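Remember, predicted model here, so these are calculated numbers, not experimental data.
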Amino acid sequence: MQQKIAVISDSHGNATALQAAISDALKRGADEFWSLGDMVVGGGNSEECMQILDQINLTQVLLGNWEDNFNLELIQPNYDIKHDPLAVYFTMLAKYDSEHLSQKHQAALKKLPMTGHKEVGPLVFSLTHNLPDQNHGHTLYPDQAQVNFNQLALDQDIDVAIFAHIHSPLWRYTSSGQIILNPGSVGRPWDPRAKLLQNRAASYVLLTISENGLDDVDFRRASYDPEIELRKIADNGFPYVDLERKLLITGNSSSHNGPLLEKINAERGYNDEAAEFLAQLKTKLNQ
């Protein structure tokens with residue numbers, strides 16, 4: 001008997017893309033879903049993403065680095081953001097999600113594990129956002145050394161290691177012959193080649209597994225209208241709609257563009273707004 005499992009990750013608060021991917025997977029008979037993290041934070045619709053995930057047969061959810069940083073920001077914030085536009089940017093995103101994510105879903109984010117282990121049919125799967133002990137960094141970008149990817153499946157019982165984070169679909173092997181998969185990104189697909197980056201459809205992978213093993217690995221793309229998402233987040237008061245527009249339409253992020261963020265933050269008063277939010281957090285944490 002076959003099982004179909006959709007592996008999703010990195011929607012980053014893009015609810016319209018997430019719904020497109022899930023609808024596509026259900027249409028193709030997905031029995032269950034595995035989420036590898038970064039489903040929320042970054043974009044402007046984290047709460048709707050969580051509500052969508054509540055409605056499906058989600059049997060695994062992992063902690064991504066953005067969720068990890070969001071959790072940390074609320075209990076151990078970086079107060080020294082005066083000369084760091086990137087820190088102001090993330091603080092404004094954390095402020096926005098702290099105001100829009102329900103208390104139920106904020107509590108759920110605090111309980112997410114770093115890794116997952118699944119046995120389906122005859123196969124053993126390991127699930128991570130990035131490395132098993134590190135959910136951030138560039139260690140597993142496609143052009144990195146083989147030894148880095150071997151870290152995903154040091155346990156020789158593992159048949160298939162699936163990770164996320166890099167936003168690019170991938171199929172390769174460990175030095176021991178174990179399969180390594182990456183589903184790409186639902187909300188922010190990435191490719192270093194400009195012509196390939198033009199495809200902005202949501203990316204995920206649909207696995208078909210039977211008693212024979214891995215019958216099919218289907219790297220899927222689900223089209224959606226980014227203007228729908230952009231209208232939603234503008235109506236919700238998302239602070240960086242213009243940067244999100246650039247990202248969703250072109251695939252190019254501005255989250256590490258210090259001079260641009262410094263200009264935007266100064267023009268819109270975000271430096272003061274972020275500092276006030278941190279002061280409120282400090283008062284709350286000291287009570």
Side-chain angles (χ1 to χ4, degrees), residues 1-15 17-41 46 49-68 105 108-109 111-133 135 140 149 152-153 155 157-172 178-189 202-210 213-222:
M1 182 177 178
Q2 287 187 331
Q3 278 184 264
K4 289 193 174 185
I5 301 169
V7 185
I8 55 178
S9 72
D10 295 276
S11 59
H12 285 285
N14 184 342
L18 178 59
Q19 186 60 67
I22 287 173
S23 295
D24 186 77
L26 292 172
K27 183 179 179 181
R28 282 158 180 78
D31 304 297
E32 63 181 278
F33 291 80
W34 297 342
S35 165
L36 304 189
D38 279 1
M39 301 309 293
V40 302
V41 188
S46 293
C49 282
M50 294 293 283
Q51 292 174 6
I52 291 170
L53 294 174
D54 286 343
Q55 296 169 15
I56 61 175
N57 183 26
L58 189 62
T59 61
Q60 181 68 69
V61 189
L62 299 184
L63 178 73
N65 57 297
W66 280 71
E67 289 127 351
D68 205 358
H105 288 140
L109 294 183
K111 300 176 182 178
L112 296 179
M114 285 273 289
T115 64
H117 177 96
K118 293 288 186 180
E119 296 182 15
V120 186
L123 300 177
V124 176
F125 293 81
S126 71
L127 307 175
T128 59
H129 184 70
N130 191 52
L131 289 169
D133 60 349
N135 60 14
L140 297 178
F149 291 92
L152 288 168
D155 181 350
D157 288 338
I158 294 170
D159 301 300
V160 183
I162 311 180
F163 76 104
H165 186 59
I166 63 172
H167 292 207
S168 301
L170 175 146
W171 183 337
R172 62 180 293 164
Q178 298 141 302
I179 292 176
I180 299 174
L181 300 174
N182 190 297
S185 169
V186 168
R188 299 180 173 184
S203 176
Y204 76 98
V205 68
L206 183 62
L207 308 177
T208 304
I209 306 164
S210 74
L214 197 57
D215 289 350
D216 189 40
V217 178
D218 187 2
F219 287 95
R220 303 286 311 162
R221 300 300 291 264

query: Could you go step by step and tell me if Leu18 and Ile8 meet the side chain to side chain contact (heavy atoms under 4.5 Å, CB included) rule?
result: CA-CA 9 Å; Leu18 178 59; Ile8 55 178; 4.1 Å; yes
- prompt: Can you list the steps and then say if Asn14 with Cys49 is a side chain to side chain contact (heavy atoms under 4.5 Å, CB included)?
  reply: CA-CA 7 Å; Asn14 184 342; Cys49 282; 5.6 Å; no
message: Would Leu207 and Ile162 count as a side chain to side chain contact (heavy atoms under 4.5 Å, CB included) here? Give the steps.
response: CA-CA 11 Å; Leu207 308 177; Ile162 311 180; 3.9 Å; yes
task: Test side chain to side chain contact (heavy atoms under 4.5 Å, CB included) on Leu123 and Val120 and set out the steps.
output: CA-CA 5 Å; Leu123 300 177; Val120 186; 5.6 Å; no
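Sorted by first and then second residue, the salt bridge (charged side-chain N to carboxylate O under 4.0 Å, His left out) pairs with a member in residues 21-30 read Asp24-Arg28, Asp24-Arg220; sequence neighbours excluded.
His105 and Asp54 form a side-chain donor-acceptor contact under 3.5 Å, judged by distance and modelled atom types alone. With no hydrogens or angles considered, no side-chain donor-acceptor pair links Asn65 and Asn135 at under 3.5 Å.
Across every non-hydrogen atom of Pro122 and Ser210, the tightest pair is CD-O, 3.2 Å. Between Gly116 and Leu62, the closest heavy-atom pair is N-CD2, 3.7 Å. When all heavy atoms are compared, the tightest approach of Ala30 to Leu206 is CB-CD1, 4.1 Å.
The line from CG of Leu26 to CG of Asn57 is 10.0 Å long, rounded to the nearest 0.5 Å. Of the inter-residue distances, the one linking Leu36 atom CG with Leu63 atom CG reads 12.0 Å to the nearest 0.5 angstrom. Distance check, rounded to the nearest 0.5 Å: CG of Asp31 to NZ of Lys4 gives 8.5 Å. Gln3 contributes atom CD, which lies 10.5 Å from atom OG1 of Thr208 (distance to the nearest 0.5 angstrom). The OG atom of Ser46 sits 11.0 Å away from atom CD of Gln51, with the distance rounded to the nearest 0.5 Å. Rounded to the nearest 0.5 angstrom, Ile158 CD1 and His117 NE2 are separated by 7.5 Å.
Pro189 places none of its side-chain heavy atoms less than 4.5 Å from the side chain of His167. Side-chain contact between Pro132 and Thr115 is present, with heavy atoms from C-beta onward closer than 4.5 Å. In this structure, Leu53 and Met39 have side chains that are in contact, with non-hydrogen atoms separated by less than 4.5 Å. In this structure, the side chains of Val40 and Met50 come closer than 4.5 Å at one or more pairs of heavy atoms. The closest side-chain heavy-atom distance from Val205 to Asp218 is not below 4.5 Å. With contacts defined as side-chain heavy-atom distances shorter than 4.5 Å, the pair Leu127/Phe163 does not qualify.
A distance-only check finds no donor-acceptor pair linking the side chain of Asn182 to the backbone of Pro169 [under 3.5 Å]. Between the side chain of Asn130 and the backbone N or O of His165, no donor-acceptor pair lies under 3.5 Å. Formation of a donor-acceptor pair under 3.5 Å by the Tyr204 side chain with backbone atoms of Ala25 is found in this model. Remark: side-chain polar atoms of Ser185 are paired, donor with acceptor, to backbone N or O of Asp10 under 3.5 angstrom. Of the possible donor and acceptor atoms, one in the side chain of Ser9 sits under 3.5 Å from a partner among the backbone N and O of Gly184. Using modelled atom types, one side-chain atom of Glu67 and one backbone atom of Gly64 make a donor-acceptor pair closer than 3.5 Å. Gln178 places a side-chain N or O within 3.5 Å of a backbone atom of Ala153 that can act as its donor or acceptor partner. A side-chain donor-acceptor contact under 3.5 Å links Ser203 to the backbone of Pro183.
Shown are Thr59, Ile5, Val160, Ile209; of these, the side chain to side chain contact (heavy atoms under 4.5 Å, CB included) with Lys118 is made only by Thr59.
Residues satisfying the ring-ring contact (aromatic ring centres under 6.0 Å, His included) test with Phe125, not counting sequence neighbours, are Trp34.
Trp66 and His12 have perpendicular rings, their planes meeting at more than 60° on a 0 to 90° scale where under 30° would count as parallel.
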